[in-house]
Amino acid sequence: MPEIKHFTADAAAKDMLRAIREDGAIIIDELVDANTIKALRSETDPYMEVTKNGPDEFAGFLSTRTGGLVIRSAGCRDLIQNALVLQLCDGFLLEYCQRYQLHLTQIIRLRPGQPAQAIHRDRWAWGTHLAHVEPQLNTIWALSDFTAENGATRVVPGSTDWPDDRTAIEPEITQAEMRAGSVLVYTGSVFHGGGENKSTSDRVGLNITYSLGWLRQEENQYLSTPPELAKSLPRELQELLGYSMGQYALGYFSPPGPPGEQPDIAPPQFALGHLDIGNALGSPEDFADLVDATGNAELQ
Ligand SMILES: O=C(O)CCC(=O)C(=O)O
């Protein structure tokens with residue numbers, strides 16, 4: 001059976017990145033401690049407990065998915081900004097974009113009896129158009145132990161460059177067994193899916209994913225955390241949500257109001273009260289990157 005490589009938190013990020021590129025997934029064991037998980041769950045369990053089971057087979061008729069976690073949980077905010085995870089995102093995603101963004105936050109609870117989910121690629125959220133880039137890097141933090149019996153995520157190591165229509169067979173599939181506080185880091189290209197929960201208790205995981213800044217987010221962060229709520233967050237987190245330009249000219253808006261009251265063009269962070277807008281379309285560096293990328297001298 002193929003295996004997912006396990007790392008300790010103090011291992012070199014470059015070794016983790018190599019394994020992520022080769023296998024499509026790694027596990028970092030017990031990256032956060034039991035108290036962190038307990039505190040986070042005390043914030044999120046009340047929301048999870050009242051979340052209804054999924055509406056279809058893929059989401060899971062015996063599964064719950066609870067989102068909007070940026071505002072609901074300080075513990076989730078810490079995990080979103082985990083320094084090691086962001087270092088891995090830098091190494092993996094900045095090859096394809098100027099900025100990456102938070103793609104979704106979701107607590108996935110597999111209840112006893114939940115069958116295994118169809119094996120899939122997360123990048124299919126954008127159809128099959130993005131075969132030439134790695135559009136996202138994902139985490140599932142174990143909020144309970146993940147075991148073969150309770151539905152630990154099934155993963156197909158080494159499947160990142162498979163054609164979209166290849167079906168994994170059982171000997172190619174392993175499971176992300178890990179203790180609570182550990183995190184599975186996996187790409188948008190690796191085939192995977194939730195496992196079957198054959199146990200008598202819930203398997204609970206926190207899915208936090210990051211995508212290229214020029215793509216549509218799966219969880220609409222502007223509606224889940226609208227400006228009046230996002231205002232209170234740290235600047236780095238605001239930018240991760242998307243309250244920053246995706247790249248030159250990508251994401252500006254025109255604040256509503258009578259003629260002359262507001263700037264005609266403002267970057268998203270203006271909506272949070274950051275009034276020093278400079279060139280609202282982006283910095284000179286952003287523009288230079290665009291010109292470099294297109295090789296189009298006429299833009300200069
Ligand atoms: O819950 C899991 O282990 C994986 C879920 C998943 O891959 C999905 O819902 O896209």
Side-chain angles (χ1 to χ4, degrees), residues 2 4 6 20 23-29 37 40-41 44 47-48 51-69 76 79 102-128 130 134-157 159-160 162 164 167-168 172-199 201-211 215-219:
I4 304 172
H6 286 246
I20 290 170
D23 302 338
I26 61 167
I27 288 170
I28 308 170
D29 286 306
I37 297 298
L40 187 152
R41 288 203 56 168
T44 57
Y47 294 100
M48 181 180 82
T51 305
K52 293 194 169 47
N53 284 339
D56 59 35
E57 199 173 304
F58 186 80
F61 292 120
L62 284 175
S63 298
T64 59
R65 289 163 188 269
T66 309
L69 301 172
C76 288
L79 295 190
L102 185 67
H103 187 50
L104 69 79
T105 60
Q106 191 176 91
I107 290 179
I108 304 178
R109 165 174 53 167
L110 307 185
R111 296 179 188 272
Q114 169 62 49
Q117 187 185 38
I119 297 279
H120 62 279
R121 283 180 154 146
D122 281 349
R123 75 172 191 216
W124 288 341
W126 299 282
T128 53
L130 293 176
E134 285 291 356
Q136 65 190 124
L137 192 64
N138 308 320
T139 60
I140 296 185
W141 293 84
L143 301 188
S144 65
D145 289 343
F146 271 38
T147 66
E149 205 199 357
N150 76 6
T153 310
R154 300 196 300 156
V155 180
V156 187
S159 61
T160 55
W162 284 13
D164 280 316
T167 305
E172 293 170 324
I173 304 172
T174 187
Q175 281 187 273
E177 291 189 84
M178 53 185 175
R179 302 284 307 271
S182 307
V183 60
L184 169 69
V185 182
Y186 63 105
T187 73
S189 296
V190 75
F191 281 85
H192 72 284
E196 175 183 0
N197 190 348
K198 292 179 267 194
S199 77
S201 48
D202 293 339
R203 190 226 70 178
V204 185
L206 168 57
N207 200 195
I208 299 174
T209 71
Y210 308 82
S211 61
L215 287 168
R216 176 114 197 225
Q217 291 145 303
E218 209 163 294
E219 178 183 38

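All ligand and atom numbering here is 1-based and tracks the order in the structure.
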Completion exercise
In ligand 1, the atoms that come under 4.0 Å of a heavy atom of Thr153 are 2 (C), 3 (O)
Handout entry: Basic-acidic side-chain contact under 4.0 Å: Asp202, Arg109
Key = yes
Fill in the blank from the handout: Contact region, Arg121 to ligand 1, non-hydrogen atoms below 4.0 Å, reads neither
Handout entry: Closest candidate by heavy atom, reference atom 1 (O) of ligand 1, pool Gln117, Gln114, Arg203
Key = Arg203
Exercise for the section: Measure up the His120 and Phe58 rings against each other and bin them: parallel (under 30°), tilted (30 to 60°), perpendicular (over 60°). Expected result: perpendicular
Exercise for the section: Enumerate the atoms of ligand 1 whose separation from the nearest heavy atom of Ile108 is less than 4.0 angstrom. Expected result: 1 (O), 5 (C)
Problem - Heavy atom of the protein closest to atom 4 (C) of ligand 1 (residue, atom name, distance) - result: Gly194 N, 3.6 Å
Exercise for the section: Before accepting this row, confirm whether a basic side-chain N of the pair Arg179/Asp29 lies closer than 4.0 Å to the acidic partner's carboxylate O. Expected result: no
Problem - Polar side-chain atom of Asn138 near backbone of Ile208 as donor-acceptor pair, under 3.5 Å - result: no
Exercise for the section: Within a distance under 4.0 Å of any heavy atom of Asp122, pick out the atoms of ligand 1 and give their elements. Expected result: 10 (O)
Problem - For ligand 1, the portion of Asn207 having any non-hydrogen atom under 4.0 Å away - result: neither
Completion exercise
Nearest heavy atom to atom 10 (O) of ligand 1, choosing from His192, His120, Arg65, belongs to His120
Exercise for the section: Would you confirm whether Ser159, through its side chain, and Phe191, through its main-chain N or O, come within 3.5 Å as a donor-acceptor pair? Expected result: yes
Practice task
Answer whether the closest heavy-atom distance between the side chains of Pro115 and Phe61 falls below 4.5 Å.
Solution key: no
